[in-house]
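Note that the coordinates shown come from a computational prediction; the quantities given were computed from them, not determined experimentally.
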Amino acid sequence: MSMCGATPVAGLGTHAPGVIDYFLGSRCSPFTGTVGIDAEVGDRGQVCFEAWNGERLAEAEATGAGDGVPLDVPVDGVDLIELRTEPVDGQDYDHADWAIPVITCT
């Protein structure tokens, strides 16, 4: 997994459209990370990254022609977070990466 030639230490690779659910148990700090299109598709692809918990908590849009985009999601008191990737201009080349995700739970 890489964006703009940089290889993240950790992350989640998906293809839009996609959904990943995480149970947080209302005991976690903000979810942060960088979202973007995987470098393997070059300057193609365009994806909207969203975090939901019954309502949209955060969103960011990325293209293969751009750098990764920071995404900060407030999750205080949230039991379940749903990470969504939605195609913007069709599904071709939408290799969507959630890079270096960080969340701390007690």
Over all atoms of both residues, closest heavy-atom pair of Thr63 and Gln46: CG2-CG, 3.7 Å
Salt bridge (Lys or Arg N to Asp or Glu O under 4.0 Å) partners of Glu40, counting only residues at least two apart: none
Within-4.5 Å side-chain heavy-atom neighbours: Val78 and Phe31: no
Min side-chain heavy-atom separation Leu57-Trp52 under 4.5 Å: no
Criterion side-chain contact (heavy atoms from CB on, under 4.5 Å) against Ser29, the qualifying member of Thr104, Val102, Val75: Thr104
Contact check, side chains of Val19 and Glu82, non-hydrogen atoms, under 4.5 Å: yes
Contact summary for Ala51 and Leu83, nearest pair of heavy atoms: CB-CD2, 4.1 Å
Polar side-chain atom of Asp94 near backbone of Gly45 as donor-acceptor pair, under 3.5 Å: no
Salt bridge (Lys or Arg N to Asp or Glu O under 4.0 Å) against Glu50, all qualifying residues, sequence neighbours excluded: Arg56
His15 and Gln91, any side-chain heavy atoms less than 4.5 Å apart: yes
Beyond-backbone contact of Thr34 with Val69, side-chain heavy atoms, under 4.5 angstrom: no
Heavy-atom pair of closest approach, residues Gly64 and Ile37: N-CG1, 3.4 Å
Side chains of Tyr22 and Leu24 in contact at under 4.5 Å (non-hydrogen atoms): yes
Reported CD-to-CD distance for the pair Glu86 and Glu61, which is rounded to 0.5 angstrom: 11.5 Å
Closest non-hydrogen atom pair, Gly11 against Pro101: CA-CD, 3.7 Å
Heavy-atom pair with the smallest gap, counting every atom of Val47 and Ala16: CG2-CB, 4.0 Å
Sidechain-backbone polar pair: Thr85 side chain, Pro17 backbone, donor-acceptor under 3.5 Å: no
hydrophobic_cluster_shared for Leu12 and Met3, side chain cutoff 4.5 Å: no
Spatial distance of atom SG (Cys28) from atom CD1 (Ile81) [nearest 0.5 Å]: 9.0 Å
Distance in Å, Thr14 OG1 paired with His95 NE2, rounded so as to fall on 0.5 Å steps: 9.5 Å
Hydrophobic cluster membership, Val41 vs Phe49, 4.5 Å side-chain cutoff: yes
Closest heavy-atom pair and its distance - Leu71, Ala60: CD1-CB, 3.9 Å
Distance-only donor-acceptor check, side chains Asp79 and Ser26, under 3.5 Å: yes
